[in-house]
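Values in this document were obtained by computation on a predicted structure and should not be read as measured data.
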Protein chains: 2
Amino acid sequence: MPNKPAAPITMDAVYAAPGYLFRRMQQIAVSIFMEECKAFDLTPVQYAALVAIHTHPGIDATRLSAVIAFDRSTLGSVIERLLAKDFIERKPAPEDKRIKLLYLTKSGAAILREIIPAVERAQARMLEPLNPADRKTLMGLLAQLVDLNNEASRVPLRAEDALEHLGKGG
Amino acid sequence: MPNKPAAPITMDAVYAAPGYLFRRMQQIAVSIFMEECKAFDLTPVQYAALVAIHTHPGIDATRLSAVIAFDRSTLGSVIERLLAKDFIERKPAPEDKRIKLLYLTKSGAAILREIIPAVERAQARMLEPLNPADRKTLMGLLAQLVDLNNEASRVPLRAEDALEHLGKGG
DNA sequence: TCTAAATTGACAGTATACTTACGATCTAGG
DNA sequence: CCTAGATCGTAAGTATACTGTCAATTTAGA
């Protein structure tokens with residue numbers, strides 16, 4: 001078979017490209033989240049970190065990065081900001097001097113409780129323009145795609161097995 | 001009606017949240033793009049900027065930001081990097097001393113031609129785990145959602161009317 | 001015409017997101 | 001026991017992505 005002729009270079013090709021749509025949607029999602037949650041001064045990433053620390057008290061930074069699927073280096077500054085806001089605290093692990101364990105403070109637990117409704121409003125708003133059936137279809141396909149592409153990302157999600165050394169698993 | 005009881009705070013709720021899935025998918029998409037295009041030393045954003053400048057020679061930075069839907073401030077450094085790599089050039093506009101017009105250099109036009117196959121491979125890989133019907137469904141719904149949410153983002157896309165003052169419209 | 005408002009590009013500041021590298025520490029193998 | 005390799009947190013460097021603000025310039029209205 002002959003090669004396909006080169007397509008003309010157009011913006012329409014960019015607008016229809018998966019990568020472009022993913023980037024736009026992420027921009028929009030962050031924008032909506034920040035708008036709904038601006039009273040709490042928490043970013044989406046900081047929120048995810050708080051939930052993970054709430055769910056796994058005493059987790060360390062490396063495992064936290066696996067549980068919320070983002071880079072360890074990035075996480076360092078996220079943790080510092082949460083420490084500065086007094087939403088989490090960090091304690092040395094008695095049995096391993098390299099590790100620092102993370103816990104929610106009272107203030108962190110409180111803001112987590114209070115922010116939930118705003119987060120839920122934000123999540124709902126992101127999908128609001130679609131009808132309920134389409135929302136379900138989109139989320140289902142996207143969840144599949146993210147899962148099947150997990151290894152393609154630089155920081156794959158390791159929800160369960162990342163915690164094996166914390167006394168919760170195998 | 002009574003309020004819904006507060007749902008427990010779990011990571012599963014985070015993993016299923018639209019905002020989380022959009023962020024993960026964006027991370028994965030960038031990772032795949034960079035992998036396929038690493039020989040060209042171009043980021044997804046720099047690629048989009050090159051295509052836009054190719055399509056609209058003599059565009060200025062403000063209109064460019066509207067055409068690819070990203071922030072003017074961010075764009076400043078993107079333009080500087082493209083200038084440093086000698087992929088674009090910047091000329092003052094004769095009729096308006098504030099404006100600097102952007103053009104591809106020969107080297108910029110060349111790399112744009114050469115990178116296209118790698119970009120197409122990257123876009124295909126992002127959707128590869130889904131079957132063709134599901135790919136189409138996902139892209140259709142996502143394109144709809146991005147379009148309908150356009151105004152929710154801080155930098156709405158203004159593909160056409162952003163160019164009215166360039167002698168292409170109105 | 002002359003000033004007030006808008007526009008343009010630049011800058012500083014914050015927050016992801018990634019890379020590579022490094023010292024401290026732990027663990028396994030010999 | 002003692003070193004090789006792995007792991008932990010940290011740091012420096014690059015690149016988006018956004019918030020403001022600012023000066024220079026243009027435009028519109030009184």
Side-chain angles (χ1 to χ4, degrees), chain A residues 19 22-24 26-35 38 41-49 59-66 68-85 90-102 153-156 162 165, chain B residues 19-20 22-24 26-35 37-38 41-49 59-66 68-85 90-102 153-156 162 165:
Chain A
F22 295 139
R23 184 175 69 80
R24 279 294 286 149
Q26 155 74 357
Q27 283 180 328
I28 290 165
V30 171
S31 181
I32 291 175
F33 185 102
M34 295 303 279
E35 210 176 298
K38 61 171 175 287
D41 189 31
L42 264 195
T43 67
V45 169
Q46 289 167 14
Y47 168 75
I59 197 171
D60 64 281
T62 296
R63 260 156 275 272
L64 180 57
S65 90
I68 52 185
F70 56 82
D71 193 79
R72 256 212 330 235
S73 306
T74 305
L75 198 56
S77 49
V78 175
I79 287 174
E80 267 173 32
R81 281 184 273 277
L82 290 174
L83 283 169
K85 292 177 190 173
R90 196 161 44 171
K91 296 177 185 170
E95 77 286 2
D96 189 335
K97 287 175 193 166
R98 294 170 304 177
I99 294 179
K100 297 174 181 175
L101 308 178
L102 301 171
S153 79
R154 294 292 173 177
V155 188
H165 299 295
Chain B
Y20 182 81
F22 294 140
R23 184 175 69 80
R24 277 295 285 149
Q26 157 73 358
Q27 283 180 328
I28 290 165
V30 171
S31 180
I32 290 175
F33 185 102
M34 296 302 281
E35 208 175 301
C37 300
K38 61 172 176 285
D41 190 29
L42 265 194
T43 66
V45 168
Q46 289 168 13
Y47 168 75
I59 197 171
D60 63 281
T62 297
R63 260 156 275 273
L64 179 57
S65 89
I68 51 186
F70 56 82
D71 193 79
R72 255 213 331 238
S73 304
T74 305
L75 198 57
S77 50
V78 175
I79 288 174
E80 266 172 34
R81 279 184 275 276
L82 290 174
L83 284 169
K85 291 177 191 172
R90 195 161 46 171
K91 295 177 186 171
E95 78 285 2
D96 188 335
K97 288 173 193 165
R98 294 169 304 177
I99 293 178
K100 296 174 181 175
L101 308 178
L102 300 171
S153 79
R154 295 291 173 174
V155 188
H165 300 293

Rounding to a whole Å, what distance do you find between A:D71:CG and C:dC18:P?
5 Å
Please give, in whole Å, the distance from D:dC18 P to B:Q26 CD?
11 Å
Position toward the 5' end of DNA chain C (nearest nucleotide), A:P44 or A:E95
A:P44
Separation between CD1 of A:I99 and OG1 of A:T62, rounded to the nearest 0.5 Å
7.5 Å
Tell me whether B:K85 contacts the main-chain N or O of B:D41 through its side chain, where contact means a donor paired with an acceptor under 3.5 Å.
yes
Indicate yes or no: at least one non-hydrogen side-chain atom of B:R23 is less than 4.5 angstrom from one of A:V30.
no
d(A:T43 OG1, A:L82 CG) to nearest 0.5 Å is 7.5 Å
How many Å lie between NZ on B:K38 and C1' on C:dC18, as a whole number?
15 Å
Does a side-chain N or O from B:R23 land closer than 4.0 Å to OP1 or OP2 of C:dT16, or not?
no
Hey, could you give me the CD/CZ distance between A:Q27 and B:F70, rounded to the nearest 0.5 Å?
8.5 Å
Quick one: A:I79 CD1 to D:dC8 P, roughly how many Å, whole number?
13 Å
Measure the CG-CZ distance between B:D60 and B:R72 for me, rounded to the nearest 0.5 Å.
9.5 Å
Rounded to the nearest 0.5 Å, what's the gap from CG on A:L75 to CD on A:E80? Could you check?
10.5 Å
If you round to the nearest 0.5 Å, how far is CD1 of A:I68 from CZ of B:R24?
11.0 Å
Output all residues satisfying side-chain contact (heavy atoms from CB on, under 4.5 Å) with A:R90, sequence neighbours left out; order by chain, then residue number.
A:I79, A:L83, A:K100, A:L102
Taking only the side-chain nitrogens and oxygens of B:K97, find out if one of them lies under 4.0 Å from OP1 or OP2 of C:dG9.
no
Could you pull out the protein-nucleic contacts involving nucleotides 2-7 of chain D (nitrogen or oxygen on both sides, under 3.5 Å)?
residue	atom	partner	partner atom	Å
D:dT7	O2	A:R98	NH1	2.5

Would you tabulate the pairs of protein nitrogen or oxygen atoms and nucleotide nitrogen or oxygen atoms of nucleotides 11-15 of chain C closer than 3.5 angstrom?
residue	atom	partner	partner atom	Å
C:dC11	N4	B:S73	OG	3.3

What integer distance in Å separates A:F33:CZ from C:dT16:P?
11 Å
Starting at the 5' end of DNA chain D, which residue's closest nucleotide do you reach first, A:D96 or A:R24?
A:D96
